[in-house]
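The structure appears right after this line, and notes come after that.
As the structure lists them, so they are numbered: ligands from 1, and atoms in each ligand from 1. Numbers for residues simply follow the sequence, beginning at 1.
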Amino acid sequence: MKRLINIFIVIAIILLLPMCNRTQNQAGKVAQEMLSYIDSLMSKMTLDEKLGQLNLLAWDGSLTTGAAANTGVSQKVANGLVGGLFNIESLQERRKIQELAIRQSRLGIPLMFGQDVIHGHHIIFPIPLALSCSWDLDLIELTAKAAAYEASADGIDWVFSPMVDISRDPRWGRVAEGAGEDTYLGSLIAEAMVKGYQGTNMATDESVMACVKHYALYGAAEAGRDYNTVDMSKIRMFQDYLPPYQAAVDAGVGSVMTSFNDINGIPATSNKWLIDDVLRKNWGFNGFIVTDYTAISEMGNHGIGDLKTSSALAIDAGIDMDMVSEGFVNTLKPSLDEGAVSLSVIDQACKRVLEAKYKLGLFNDPFIRLKKDSVNKLKETEFMELSLMAAQKSCVLLKNNNTLPLKSDQRVAVIGPLADSKKDLLGTWVLSGEMDKVQSIKEAAQKKGNILYAEGAKLTDNKELRKLINYNPGNKVDEVMLKEAVQTAQMSDVVVAVLGESAAMSGEASSMADISLQRTQKQLLRALVKTGKPVVLVLVGGRPLTLEWEAENCAAILQCWSGGTQTAPAVSNVLWGDYNPSGRLTMSFPRKVGQIPVYYNMKNTGRPLISGIKYTSQFIDVSNKPLYPFGYGLSYTSFEYGDLTIHDNVMHQGDTITASITIKNIGEYEGEETPQLYIRDLVASVTRPLKELKAFKKVYLKPGEETTIEFQISDKDLKFFNDKLEYLVEPGEFQISIGPNSEDVKTQNFHYKLK
Ligand code: BGC
């Protein structure tokens with residue numbers, strides 16, 4: 001049989017080879033055409049014009065995202081001193097400025113328009129952390145594709161996404177923008193998003209170029225304080241933090257954005273090892289690299305030198321485009337004269353930027369994405385449905401004391417400062433979201449049942465925070481609000497408390513040292529629980545919170561995050577049982593801030609925890625475990641896992657072994673389960689984590705239905721970086737665990753042997 005298969009494979013290769021050669025030849029021809037086009041263009045360019053291509057500016061009056069902004073942009077465009085612009089408000093403005101570049105600059109090189117399209121453009125999808133909880137790669141790819149469709153119709157060529165920074169620190173506000181704490185899942189999501197944005201050909205008016213960010217390790221900022229220092233061993237970098245960026249590169253991402261932080265003493269933006277050795281040479285990245293917002297001028301604050309020194313260091317490290325600092329355009333010429341940078345480095349960077357424009361089809365037609373006047377309405381319905389599905393799949397049910405789903409004849413009191421908010425449901429990074437399509441949770445609930453409503457409390461009473469998040473508390477008196485809420489609760493059968501964070505409380509520059517509910521909200525929740533009515537806590541927001549009291553005292557907790565345009569209908573579908581929640585956490589929820597970093601794939605220590613025994617690795621005042629672990633999430637039904645079987649307890653190098661397990665829906669609702677497979681390397685030359693996610697599946701089961709799922713384990717699932725940074729498998733004992741989350745698992749061991 002094996003022989004027959006081999007013969008079949010050989011015949012297939014012989015038949016397919018000419019086809020592959022033809023495609024390769026075709027690709028080679030296109031690449032050749034691009035190179036000669038760009039060579040010829042560059043032969044006409046002055047040094048200033050070349051430097052102009054490296055200059056990425058924020059349009060005056062645009063949606064700026066940093067403290068600094070550029071001025072006199074039109075004139076600079078007309079002089080050929082700008083390569084691209086970003087975060088411009090409208091299609092009309094983009095068209096106007098493209099016309100200026102084409103008609104007035106000497107060589108008429110088209111501009112490239114970037115934007116922070118992070119989780120949708122007009123129709124908004126859940127914030128990335130929420131969407132990652134769907135563990136649904138096809139869905140994630142579709143959301144990126146939809147965003148690309150809408151953004152390209154709006155004149156945008158290039159999106160600053162995906163953000164793939166692994167983070168184990170929920171104090172960091174930007175956890176909202178990433179896929180959580182896990183390297184394996186984060187890498188798959190990075191790949192799905194790049195594919196969704198770029199499609200198979202970027203030179204169409206339905207796709208855009210992606211920009212993976214923030215390279216690198218931005219999510220490991222000390223204490224979760226934004227922009228802060230990162231100091232990390234190389235083993236940890238390669239093992240846990242770098243793979244998602246590499247996955248985006250392997251998926252063909254067109255551009256990479258560097259991060260604000262320094263890494264082991266060198267800012268990422270001038271880090272030659274990181275950019276040139278790892279990204280370009282090791283991983284073979286051949287697209288272009290842009291800095292983050294003013295990252296070059298910020299190197300002054302890092303103590304690296306003035307703008308001129310920093311710009312020379314950055315271009316020498318391999319940066320191609322300078323976002324906002326205008327260091328390249330203004331200082332590289334004197335640096336060149338002084339011999340601090342070489343012309344070949346500048347030429348190389350210019351070439352890469354022009355190649356990106358070529359790949360986007362801009363030389364063929366500078367107005368390729370500037371033609372449509374409005375979004376295709378047919379797609380709008382499709383994207384609204386996608387947004388609903390995505391928001392539903394992102395909801396994670398954290399607790400349920402038989403209170404959910406709600407019954408249609410129950411009187412439900414919807415209470416809380418976020419119950420009637422719309423914009424907070426959209427979340428961080430929404431520059432062009434359409435507010436008129438958004439309902440508040442209260443409004444959507446009114447379509448389902450008999451609803452009473454009270455605001456109950458202000459979002460926060462922290463004066464400093466109010467200013468930074470732009471929150472206006474209004475004139476209502478706290479005591480009056482609270483009294484009204486309690487009375488409303490008393491008139492109901494069940495309370496739905498909509499609490500958490502406003503959109504501005506997570507995202508960039510929104511780090512928090514205290515990640516519990518705000519004081520005003522805690523007070524409200526306590527008063528509601530005291531009424532004796534069952535309280536369902538619905539949590540809006542962008543990060544895991546510390547919820548010990550809430551977990552003990554609420555009847556149910558639904559984490560709905562900022563789920564985008566359709567958050568509210570999704571939440572009411574879940575609350576009233578029209579959708580059975582299936583989201584699984586991609587970040588551990590700590591019990592207390594002091595546990596941070598708390599993540600599932602930690603190591604064992606030499607003195608692993610033995611409960612109640614001193615001198616073992618523990619906190620003496622709180623459990624080591626998170627409140628809700630990675631991979632966790634409930635359903636309205638229950639799934640029973642059978643015994644884990646591995647089909648062989650010895651695996652030989654290059655072979656595979658199969659692990660299987662039976663899952664049965666033993667509840668009353670049909671529902672989706674996400675069985676997860678983790679592996680532990682029990683003996684190795686370097687210390688290894690207690691478990692690492694290596695595979696997962698999605699199964700949908702009707703009540704009473706059961707299925708047996710199988711996972712194939714191969715060498716790649718056992719590999720790790722040793723202390724020489726070699727990526728390999730070492731022979732010995734391994735442990736496989738399968739379960740519904742990272743803690744409740746069944747395990748079996750096997751032995752791995754070299755050939
Ligand atoms: C952020 C990036 C963003 C850029 C452009 C920066 O402040 O860190 O994620 O893409 O601004 O808006």
Verify whether the ring centers belonging to W429 and F125 lie closer than 6.0 Å. no
In ligand 1, the atoms that come under 4.0 Å of a heavy atom of D292 are 1 (C), 2 (C), 3 (C), 4 (C), 6 (C), 7 (O), 8 (O), 11 (O)
So, the side chain of T291 versus the backbone of M323: is there a donor-acceptor pair under 3.5 Å, distance only? yes
**Prompt:** What's the verdict on salt bridge (Lys or Arg N to Asp or Glu O under 4.0 Å) for K357 and D157, showing C-alpha distance, side-chain angles and the deciding distance?
**Reply:** CA-CA 9 Å; K357 294 184 177 184; D157 305 299; over 6 Å; no
Checking heavy atoms under 4.0 Å, the part of Q115 that sits near ligand 1 is neither
Without placing hydrogens or testing angles, list every side-chain donor-acceptor pair under 3.5 Å for residues 282-290, not counting sequence neighbours.
none

For this session: May I ask you to check whether H214 has an N/O atom sitting below 3.5 Å from an N/O atom of ligand 1?
Result: yes
Look at R95 together with E99 and state whether they make a salt bridge at an N to O cut-off of under 4.0 Å.
no
NZ/NE/NH1/NH2 to OD/OE distance under 4.0 Å, D320 and R280: yes
Item to check | Sub-4.0 Å heavy-atom approach of M257 to ligand 1 | outcome: yes
For Y293, the ligand 1 atoms with a heavy-atom partner under 4.0 Å come out as 6 (C), 7 (O), 11 (O)
For this session: For the pair F260 and H214, name the ring-plane relationship: parallel under 30°, tilted 30 to 60°, perpendicular over 60°.
Result: parallel
Compute the shortest N/O to N/O distance between R174 and ligand 1 and return yes if it is under 3.5 Å, no if not.
yes
For W429, the ligand 1 atoms with a heavy-atom partner under 4.0 Å come out as 3 (C), 12 (O)
If we number the atoms of ligand 1 from 1 as shown, the ones under 4.0 Å from a heavy atom of K213 are 2 (C), 3 (C), 9 (O), 10 (O)
Near N87 (heavy-atom distance under 4.0 Å), the atoms of ligand 1 are 12 (O)
Of L56, V117, D116, the one whose closest heavy atom lies nearest atom 10 (O) of ligand 1 is D116
A student checking ligand 1 against F86 at a 4.0 Å heavy-atom cut-off should list atoms 5 (C), 12 (O)
Evaluate the side-chain proximity of W561 to P126: yes if any heavy-atom separation is below 4.5 Å, no if none is. no
